[in-house]
Amino acid sequence: MADTMQFDLVSPERRLASLQVTSVQIPGADGDMTAMEGHSPTITTLRPGLLTVEGPEGTSEFVVTGGFAEITATGVSVLAERAVAKGDMTQEHLDEMMEEAKTMYSKAKETFENEPGPVDDAAKLLADMVAMGDHMGLTAKQ
Amino acid sequence: MANLKVLKNRIASVKSTRKITKAMQMVAAAKLRRAQEAAEASRPYAERFNAVMAGLAASVGGSDSAPKLLSGTGSDKVHLLVVMTSERGLCGGFNTNIVKKAKVHAQELLSAGKEVKILTVGKKGRDQLKREYADQLIGHVDMTEVKRLSYADAQGIAKDVLGRFDAGEFDVATLFYATFVNVVSQIPQAQQIIPAKFEDAGDDTGATTLFDYEPSEEAILADLLPRGVATAIFSGLLENAASEQGARMSAMDNATRNAGDMIDSLTIQYNRSRQAVITNELIEIISGAEAL
């Protein structure tokens with residue numbers, strides 16, 4: 001039995017989870033990473049994706065978008081702008097999020113015509129959403 | 001006799017006023033509890049967020065590459081005041097206190113030769129500022145339709161503010177709202193949100209641990225600073241919501257008590273004049289009988 005660490009998942013509106021876990025898989029902006037007890041202190045921003053938490057009481061999954069994770073040797077706190085337990089995630093939620101990402105993309109295209117940076121970022125966000133939807137078996141409306 | 005009738009009507013009307021204020025007080029008390037719970041629930045996020053941001057800001061802040069949201073535009077000529085008030089009245093001095101604070105601030109800036117722009121959130125603040133600062137009002141966010149404050153509302157306001165910042169409309173933004181202390185006291189606050197200031201540099205674990213950053217520190221900071229604005233606005237809105245209900249509760253409590261006092265004194269007056277009328281009638285009858 002691996003050692004456990006403290007895990008907190010908070011959104012601006014409430015604290016979604018606070019428990020002892022063995023590992024947390026985080027959808028980082030530069031790629032997924034799994035944090036376990038004794039991980040070197042790291043701060044990473046999140047991309048839209050699934051956060052998988054494994055603990056003594058089983059595995060739970062959350063859909064998170066935007067925010068960051070703070071990993072220390074003794075715990076992980078994830079601050080997500082929007083976080084929903086995977087079981088509560090519905091097609092409507094996804095549609096809403098897709099809609100938001102799409103407007104951001106088109107807006108970025110308009111405002112930054114000659115700068116690829118922000119447009120690419122918005123496109124990546126949109127692609128991440130689609131990938132996450134596929135992964136969960138929901139269809140992202142294009 | 002006419003006098004008696006008037007008094008009776010008066011008492012009846014004050015009694016129904018008392019019923020209304022009593023009901024409003026109880027509604028405010030129930031809403032206050034919910035508003036406080038919401039404010040309580042948002043605190044962990046805001047605290048962790050500020051702690052991390054304080055650490056980041058301290059390590060990146062000095063460099064030239066620091067984002068404008070943190071280091072400022074290099075001047076402080078144009079100030080934006082974001083004045084957050086309530087949509088409804090009947091809450092004592094709540095709105096007036098916030099507006100007063102904002103006015104003092106605006107006056108200071110104006111006399112120092114700065115330019116002032118005002119963005120109002122909530123109808124009551126706009127109504128009060130409209131008269132004196134009509135030219136400075138650049139926008140208004142209507143919250144009438146909002147039944148339950150959500151983070152999305154704060155994001156909307158933040159987007160508006162950040163859009164104006166990116167367009168170079170102002171250099172410094174200050175947020176005005178009231179923090180909830182208890183039912184009788186709400187303190188108006190002025191909080192600078194752009195350039196961002198993080199006071200929470202307390203020496204907890206965050207300050208001493210050296211973190212790896214993924215992607216780079218600068219990229220994280222650039223990503224998080226706009227979110228920081230939204231977070232600050234969100235906590236401001238929640239504090240305001242709790243303060244508003246608290247202020248309304250004590251205002252309505254006072255009103256109920258005043259109505260009670262008024263009813264008492266009116267009742268005494270009514271009884272006295274009723275007795276005077278009876279005495280008068282008796283005297284008339286007796287003196288009539290004596291005359292015979």
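Per chain, numbering begins at 1; letters A, B, ... match sequence-line order.
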Please evaluate residues A:Phe68 and B:Ile220 with respect to the criterion side chain to side chain contact (heavy atoms under 4.5 Å, CB included), reporting the C-alpha separation (whole Å), side-chain torsions for both, the decisive distance (0.1 Å), and the verdict.
CA-CA 8 Å; A:Phe68 64 93; B:Ile220 293 184; 5.5 Å; no

Check this for me: B:Arg164, atom CZ, are more than 12 non-hydrogen atoms of other residues, nucleotides or ligands nearer than 6.0 Å?
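Yes.
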
Spatial distance of atom CZ (B:Phe211) from atom CD1 (A:Ile43) [nearest 0.5 Å]
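One finds 4.5 Å between CZ of B:Phe211 and CD1 of A:Ile43.
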
How many angstroms lie between atom CD of B:Glu214 and atom CD1 of A:Ile26, to the nearest 0.5 angstrom?
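Going from the CD atom of B:Glu214 to the CD1 atom of A:Ile26 covers 9.5 Å.
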
Using non-hydrogen atoms and a 4.5 Å limit, figure out which bit of [X] sits close to chain A: side chain, backbone, both or neither.
X: B:Ser235; value: neither
X: B:Glu37; value: neither
X: B:Tyr213; value: both

Which pairs, with at least one residue in residues 47-65 of chain A and sequence neighbours excluded, count as a side-chain hydrogen bond (donor to acceptor under 3.5 Å, both in side chains)?
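As it turns out, the side-chain hydrogen bond (donor to acceptor under 3.5 Å, both in side chains) pairs with a partner in residues 47-65 of chain A, which skip direct neighbours, are A:Asp32-A:Arg47, A:Glu61-A:Lys86.
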
Which region of A:Thr45, side chain (C-beta onward) or backbone (N, CA, C, O), has a non-hydrogen atom less than 4.5 Å from a non-hydrogen atom of chain B, or is it both or neither?
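Interface part for A:Thr45: both.
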
Atom group of A:Ala73 that falls short of 4.5 Å from chain B, counting heavy atoms:
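Neither; nothing under 4.5 Å.
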
Ignoring hydrogens, what is the shortest heavy-atom contact between B:Pro215 and A:Ala29? Give both atom names and the distance.
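Taking B:Pro215 first and A:Ala29 second, the nearest heavy atoms are CD-CB, 4.2 Å.
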
If you compare all heavy atoms of B:Asp223 against all heavy atoms of A:Gly67, which two are closest, and at what distance to 0.1 Å?
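Minimum heavy-atom contact is OD2-O, 4.4 Å.
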
List the residues meeting salt bridge (charged side-chain N to carboxylate O under 4.0 Å, His left out) with A:Arg15, not counting sequence neighbours, and say none if there are none.
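For A:Arg15, the residues satisfying salt bridge (charged side-chain N to carboxylate O under 4.0 Å, His left out) (neighbours in sequence not counted) are A:Asp8.
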
Sort by residue number and list every residue of residues 165-172 of chain B having at least one heavy atom under 4.5 Å from chain A.
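Answer by number: none.
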
For chain A, find which of B:Leu224, B:Thr231, B:Leu238 contributes the most heavy-atom pairs closer than 4.5 angstrom.
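Result: the option with the highest number of such pairs is B:Leu224.
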
Give a yes or no answer on whether the side chain of A:Glu13 reaches the backbone of B:Tyr151 with a donor-acceptor pair at less than 3.5 Å.
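Yes; judged by distance alone, with no hydrogens or angles, the pair exists.
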
Listed partners of B:Ser216 passing side-chain hydrogen bond (donor to acceptor under 3.5 Å, both in side chains), at least two apart
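Per chain and number, B:Ser216 pairs via side-chain hydrogen bond (donor to acceptor under 3.5 Å, both in side chains) with no residue.
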
